[in-house]
Q: 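Just passing along the structure, written as structure tokens.
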Amino acid sequence: MLPPGRRLLDHGEATGLTCPAMIAARKSRVRVFAPATVSNLGPGFDVLGLALHRPGDVVEVEVSDRPGVELAGVAGEGGALPRDAARNAASVAAAEVLRRAAAQGGAAGLRLWLEKGMPLSSGLGSSGASAAAGAVAANEALGRPLAEDALVQCAMSGERASCGAAHADNVAPSVLGGIVLIRSYDPLDLVRLPVPDGLFVAVVHPHCEVSTSEARARLAGRAFALPDIVANAGNLGAFVAALFQGDLALIGRTIADRIVEPVRAGMIPAYTEVRSAALDAGALGCAISGSGPSMFALCDNGDTAARTALAMRRAFRDGASLGSEAWVGPVNREGAQALP
């Protein structure tokens, strides 16, 4: 992993293995876990994301003599995801890894199984976790021919197949771990940011769905006032500075969005009540995770994060009669990992 602040270059680099070494490094079958993510983080629409420890997806891959990628099975999502390898985020990402590896003498094909471990349309980067797991698992099975930056690009291909756009704010932290800033999409320029000690995340997913495409459609054609743009720019810059300074209080003051969140807040049942409950429980800041309906809160210790998650769940229950589930923990610094 690159240290915080290092830039990832646009073009993928091979790991330096020669073709015979790559063949020797291949594994008959590998399983990879890729974590859910929180994107936007308040002011960073489409440019900020962080990795959670859970939930997440698992992809299992084995090398095959049959050309291309075969999607052998999908489980855990109630039949809602495509079984067509050309349309599933995990298999599309794996296919892009295979295509790039083929130029270096890679294997003919891959067989892939996807196990969903997180809710769909949750605002937690569900398709991004599948794509990240698919890319990393394919790379592991093929002997790691691609470097991390190239894997993010391959995972972005999976995102494009799933939701129509190759966003990186979910797949980048899912692959790399930690907190990631997308400085530019063309060319892709990713910056890994430091994770301060003591920073905890509480995420609550209410039992309802928000369509990402609908959430984005609400933004189409809108004009935003210059003072709101300036406010978001100030919060985004201060957020990055606070991470480097380890200033948790300042981090909390930056979790505010005057552009996107006001437009989407009405799509989240009991949004105002949940946000107020989080802040009253001691959270540093609270906002919508991605397109929602999940909401996240940043906290300065584990006890406060647990208390905040409970308060947010109660607010969803009392304010919208919704059940929910919660995940609490520090930021996942490792990202996608091969399982034993």
Side-chain angles (χ1 to χ4, degrees), residues 4-5 7-8 10 37-50 123 125 128 156 159-160 163-173 179-194 196 199 201 210-276 278-279 283-298:
R7 184 172 65 89
L8 292 174
D10 176 41
T37 51
V38 173
S39 62
N40 301 343
L41 300 178
F45 177 68
D46 276 2
V47 300
L48 278 178
L50 64 78
M156 289 172 66
E159 277 278 63
R160 182 186 295 110
C163 63
H167 299 291
D169 51 343
N170 291 119
V171 297
I179 305 174
V180 180
L181 167 72
I182 298 92
R183 189 205 65 81
S184 167
Y185 275 91
D186 187 18
L188 185 66
D189 189 357
L190 306 177
V191 181
R192 296 192 65 194
L193 300 173
L199 184 64
V201 189
V210 168
S211 165
T212 300
S213 59
E214 181 184 348
R216 286 189 171 273
R218 291 202 172 198
L219 303 175
R222 285 184 176 265
F224 298 98
L226 184 59
D228 293 332
I229 296 171
V230 171
N232 265 41
N235 280 325
L236 179 58
F239 178 82
V240 173
L243 293 179
F244 278 95
Q245 296 169 2
D247 188 337
L248 299 185
L250 177 57
I251 290 173
R253 298 200 300 277
T254 69
I255 307 302
D257 175 16
R258 286 173 52 175
I259 297 177
V260 176
E261 190 145 323
V263 178
R264 292 179 167 177
M267 302 178 72
I268 314 298
Y271 163 85
T272 300
E273 294 88 339
V274 173
R275 186 172 182 275
S276 295
L279 298 177
L284 299 169
C286 177
I288 301 171
S289 177
S291 298
S294 295
M295 295 185 66
F296 78 96
L298 298 182

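Numbering of residues begins at 1 and proceeds along the displayed sequence.
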Q: What's the spacing between L219 CG and F224 CZ if we round to 0.5 Å?
A: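 Answer for the CG-CZ pair, L219 versus F224, is 5.5 Å.
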
Q: Could you tell me if the side chain of V191 sits less than 4.5 Å from the side chain of V240, heavy atoms only?
A: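 The answer is no; the side chains never approach within 4.5 Å.
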
Q: If you take all heavy atoms of P173 and T37, which pair is closest and at what distance?
A: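 Minimum heavy-atom separation between P173 and T37: CG-CG2, 3.8 Å.
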
Q: Once side-chain hydrogen bond (donor to acceptor under 3.5 Å, both in side chains) is applied, do any residues pair with N232, and if so which ones, sequence neighbours excluded?
A: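 Residues passing side-chain hydrogen bond (donor to acceptor under 3.5 Å, both in side chains) with N232: D257.
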
Q: Does any non-hydrogen side-chain atom of N40 lie less than 4.5 Å from one of D169?
A: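 In short, these two side chains touch, coming nearer than 4.5 Å.
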
Q: Where do L188 and A168 come nearest, in terms of heavy atoms and distance?
A: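 Heavy-atom minimum between the residues: CD1-CB, 4.4 Å.
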
Q: Under the side chain to side chain contact (heavy atoms under 4.5 Å, CB included) test, which residues partner V230, sequence neighbours left out?
A: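 If we apply the side chain to side chain contact (heavy atoms under 4.5 Å, CB included) test to V230, skipping adjacent residues, the hits are L226.
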
Q: Search all heavy atoms of L236 against all heavy atoms of G44 and return the closest pair with its distance.
A: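 Scanning both residues completely, I find the closest heavy atoms to be CD1-CA, 4.2 Å.
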
Q: Can you give the donor-acceptor pairs under 3.5 Å from side chains of residues 285-298 to other protein atoms, not counting sequence neighbours?
A:
residue	atom	partner	partner atom	Å
S289	OG	G123	O	2.7
S294	OG	S122	O	2.7

Q: Just to verify, what does A256 make a side chain to side chain contact (heavy atoms under 4.5 Å, CB included) with, not counting sequence neighbours?
A: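 Checked A256 against side chain to side chain contact (heavy atoms under 4.5 Å, CB included); matches are N235.
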
Q: If only atom types and distance count, is the side chain of T254 paired as donor or acceptor with the main-chain N or O of I251 below 3.5 Å?
A: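 Between the backbone of I251 and the side chain of T254 there is a qualifying donor-acceptor contact (under 3.5 Å).
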
Q: At what distance, to the nearest 0.5 angstrom, does CZ of F239 lie from CG of L48?
A: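 Spacing of CZ (F239) from CG (L48) equals 5.5 Å.
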
Q: Which heavy atom of I229 sits nearest to which heavy atom of I259, and what is that distance?
A: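 Nearest pair, atom of I229 first, then I259: CA-CD1, 3.8 Å.
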
Q: With rounding to the nearest 0.5 angstrom, report the CE to CG distance, M156 to N170.
A: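 Those atoms lie 11.0 Å apart.
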
Q: With sequence neighbours excluded, tell me which residues meet side-chain hydrogen bond (donor to acceptor under 3.5 Å, both in side chains) with S39.
A: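 None.
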
Q: Do any pairs count as a salt bridge (charged side-chain N to carboxylate O under 4.0 Å, His left out) and have a residue in residues 227-249, sequence neighbours left out, and if so which ones?
A: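 Only D228-R258 qualify under salt bridge (charged side-chain N to carboxylate O under 4.0 Å, His left out).
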
Q: List the steps, then state whether side chain to side chain contact (heavy atoms under 4.5 Å, CB included) holds for D46 with I182.
A: CA-CA 8 Å; D46 276 2; I182 298 92; over 6 Å; no

Q: Do Y271 and R264 make a side-chain contact, defined as non-hydrogen atoms from C-beta onward lying under 4.5 Å apart?
A: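 Side-chain contact under 4.5 Å: no.
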
Q: If I take atom CG from residue L41 and atom CG from residue L243, how far apart are they, to the nearest 0.5 angstrom?
A: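 Answer rounded to 0.5 Å: 9.0 Å.
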
Q: If you take all heavy atoms of V263 and R222, which pair is closest and at what distance?
A: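 Where V263 meets R222 most closely, the heavy atoms are CG1-NE, 3.5 Å.
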
